[in-house]
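Notes follow once the structure below has been shown.
Chain letters run A, B, ... following the sequence lines, proteins first, then strands; residues in each count from 1.
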Amino acid sequence: MSDARLQVPRGTRDFYPEDLRRREWLFGHFRAAARRFGFEEVDAPVLEHEELFTRKAGEEILEQLYHFELHGRRLALRPEMTPSIARMVMARSGSLRFPLRWFTVTQNWRYERMTRGRKREHYQWNMDIWGETSVTAEAELIAAVFDLLDALGLAHRDVKIRISSRALLEETLRNTILADRPEAFPGLCVAIDKHEKIGEDAVRDLLTDSDGPVGLGEDDARFVISWLGLRKVEDAARHVPPDSRAFADLQRLFNLLDTYGLADRVVFDASIVRGLAYYTGIVFEAFDADRKLRALCGGGRYDRLIESLGGSAIPAVGFGFGDVVIGELLSDKKLLPEPPRQLDAVVFPFGDDERAAAIRVANALRRERQWSIELVLGTPRLRRVLADAHRAGARFLYVLGPDELSRGEMLIRDLDSGEQTTEPIPN
RNA sequence: GUGGGCGUAGCUCAGCUGGUUAGAGCGCCAGGUUGUGGUCCUGGAGGCCGGGGGUUCGACUCCCCUCGCCCACCCCA
């Protein structure tokens, strides 16, 4: 107990059978929702070249990278899935037919301090659409999130998605305070993403830090922060031309979501900017209605990621949805199930004289019916076997004792009704 | 990193202001005559009381250190 070698590393989890059943229940919903939206599942190694993740915008996610050097190669455990998928798309961009709808359910790693809803190892459902520039893609993704939440049993009003547009912010700033140095924009986004967590004053300090990536004046910083407080698309679009693409996209997205029947579950919130540097357009995050927990998921449009990796431009939009926060929410709402073991039957030979026949019975049931069969090992008492079979949730118990065997039969007990029948032992 | 709380049986915990053989519930194991169930009854195994040091005639109990966990803050997808 006090031996550190015998404990899981901090921030990681063991999954015992009941834990894994619950995890697979959640993953099953991830996959089912993805398939309802026509997405295909892909996978990639948990280990990548560190360079795949290296970006220069002061993102915390990269400072928290699990990384090491081995035989002169710098490797890292993936902190998120998007770069790996971008790599896969890039490698076959010449032969893939777009738009692509790909999803993953993967383990991701980040070295960070532990709090509620944050672990160092967690699983994430990732959904991406590649090769589509219109916000019809964003609308599908947001609809998929709600589709999942509904399937999990959450109430209509339990979760809201907040939506904003980095493109709208970028246009606004290009027309104003970043007119002569647009390259500062990603760093600015990373800084103001912290706004809700560290407060306006701290963000102002970050933005005005002359040694920092942004280096704004006081008035400019105040302008940026005041923009974040806006909750109406029209207000946020005040500093862009009437024909602004970003403005039009936002309006169209909300119109589309209305058509999906999601109008009362989404809201514009200019303070959503996301902490990753690569986002370029619409960004969004899902929150529990009580705002007790961290974001359930987050995503957005990243049209230039593949370009930045050296490929040709392929527009993309996606989100990541972690298993930890949704687990907290479902637990709070008493919606976490305790899925039973899936066992069709237990086959019980009384002793070694009956074992050969029992093995034939188990073989037949496994092969012909594809049943899940637990063949009793050793020679416990029938009483014990019945209790165990009951507890395991088995539907039938096949009993092969001396009496049955002498008649070439086996006893089949229905564990729900208690009814018993006999059948010939298969050859 | 800061503050607070907690480490006693596999799990959840109780052990009053220090007092001798450390408890409960659940779980586990075994029985309750021959081969029949989540109940019931009986019995049992299992704890260097997280670790180390100190105070004391005596420490699960008090003090210090240390490790671990939880919560909040801080930080951040």
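Residue contacts for A:Gly322: at a heavy-atom cut-off of 4.0 Å it reaches no nucleic acid atom on any strand shown. Using a 4.0 Å heavy-atom distance criterion, A:Glu404 is classed as a base contact. Nucleic acid contact for A:Glu80: none, since no nucleic acid atom lies under 4.0 Å from a heavy atom of the residue. Looking at heavy-atom distances under 4.0 Å, A:Gly275 makes contact with sugar-phosphate atoms alone, never a base. Within the 4.0 angstrom heavy-atom criterion, base atoms lie near A:Ala295. No engagement by A:Asp388 is indicated, since no non-hydrogen atom pair under 4.0 Å with the nucleic acid exists. Residue-level contact check: A:Leu296 touches the bases, meaning some heavy atom is under 4.0 Å from a base atom. Looking at heavy-atom distances under 4.0 Å, A:Leu415 makes contact with a base. At the heavy-atom level, A:Val385 lies nowhere under 4.0 Å from the strands shown. No engagement by A:Asn108 is indicated, since no non-hydrogen atom pair under 4.0 Å with the nucleic acid exists. Using a 4.0 Å heavy-atom cutoff across all strands shown, A:Leu276 reaches no nucleic acid atom at all.
For A:Glu69, the CD atom counts as densely surrounded, since its 6.0 Å shell holds more than 12 non-hydrogen atoms of other residues, nucleotides or ligands.
Paired runs in RNA chain B that reach 3 or more consecutive Watson-Crick or G-U pairs, where each pair keeps both distances under 3.5 Å, cover B:1-7 with B:67-73, B:10-13 with B:23-26, B:28-32 with B:40-44, B:50-54 with B:62-66.
For B:rC76, the base has a donor-acceptor partner in the side chain of A:Arg118 [N/O atoms by modelled type, under 3.5 angstrom]. For A:Arg383 against B:rG32, a side-chain N or O and a base N or O form a donor-acceptor pair under 3.5 Å. No hydrogens or angles were tested; on distance alone, nothing pairs the side chain of A:Arg110 with the base of B:rA77 as donor and acceptor under 3.5 Å. Evaluation of atom-type donor-acceptor distances gives no pair under 3.5 Å for the side chain of A:Arg391 against the base of B:rG37.
A cation-pi arrangement, defined by a distance under 6.0 Å to the six-membered ring centre and an angle within 45 degrees of its axis, is present between A:Arg162 and A:Phe287. In this structure, A:Arg23 satisfies the cation-pi test against A:Tyr123, with its NZ or CZ atom closer than 6.0 Å to the six-membered ring centre and inside 45 degrees of the ring normal.
Taking atom CZ of A:Arg384 as the reference point, atom C1' of B:rG38 lies 14 Å away to the nearest angstrom. Here B:rG38 presents its C1' atom at 12 Å from CG of A:Asp416, a figure rounded to the nearest Å. Nucleotide B:rA77 holds its C1' atom 18 Å from the CH2 atom of A:Trp125, rounded to whole Å. Spacing between atom CG of A:Leu293 and atom P of B:rC76 amounts to 20 Å, rounded to whole angstrom units. Summarising the geometry, the separation between CZ on A:Phe321 and P on B:rA77 is reported as 19 Å, rounded to the nearest angstrom. Counting to the nearest Å, the P atom of B:rC29 and the CZ atom of A:Arg381 are 13 Å from each other. The interatomic distance linking A:Leu386 (CG) with B:rG38 (P) rounds to 8 Å, in whole Å. Taking atom OH of A:Tyr66 as the reference point, atom C1' of B:rA77 lies 15 Å away to the nearest angstrom.
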N/O-N/O pairs, protein side and nucleotides 1-3 of chain B side, under 3.5 Å:
from: B:rG1; atom 1: N7; to: A:Arg113; atom 2: NE; distance (Å): 3.2

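Checking side-chain atoms of A:Arg74 against main-chain N and O of A:Glu51 turns up no donor-acceptor pair under 3.5 Å. In this structure a side-chain-to-backbone donor-acceptor pair under 3.5 Å is present from A:Asp19 to A:Tyr16.
Here A:Trp125 and A:Phe319 bring their ring centres to under 6.0 angstrom of each other.
Looking at A:Thr106 and A:Val46, their side chains never come closer than 4.5 Å, going by heavy atoms from C-beta outward.
How far CZ of A:Arg22 is from CG of A:Asp323: 12.5 Å, rounded to the nearest 0.5 Å.
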For this session: Would you please test A:Ile163 and A:Phe268 for side chain to side chain contact (heavy atoms under 4.5 Å, CB included) and show each step?
Result: CA-CA 5 Å; A:Ile163 301 169; A:Phe268 175 76; 5.5 Å; no
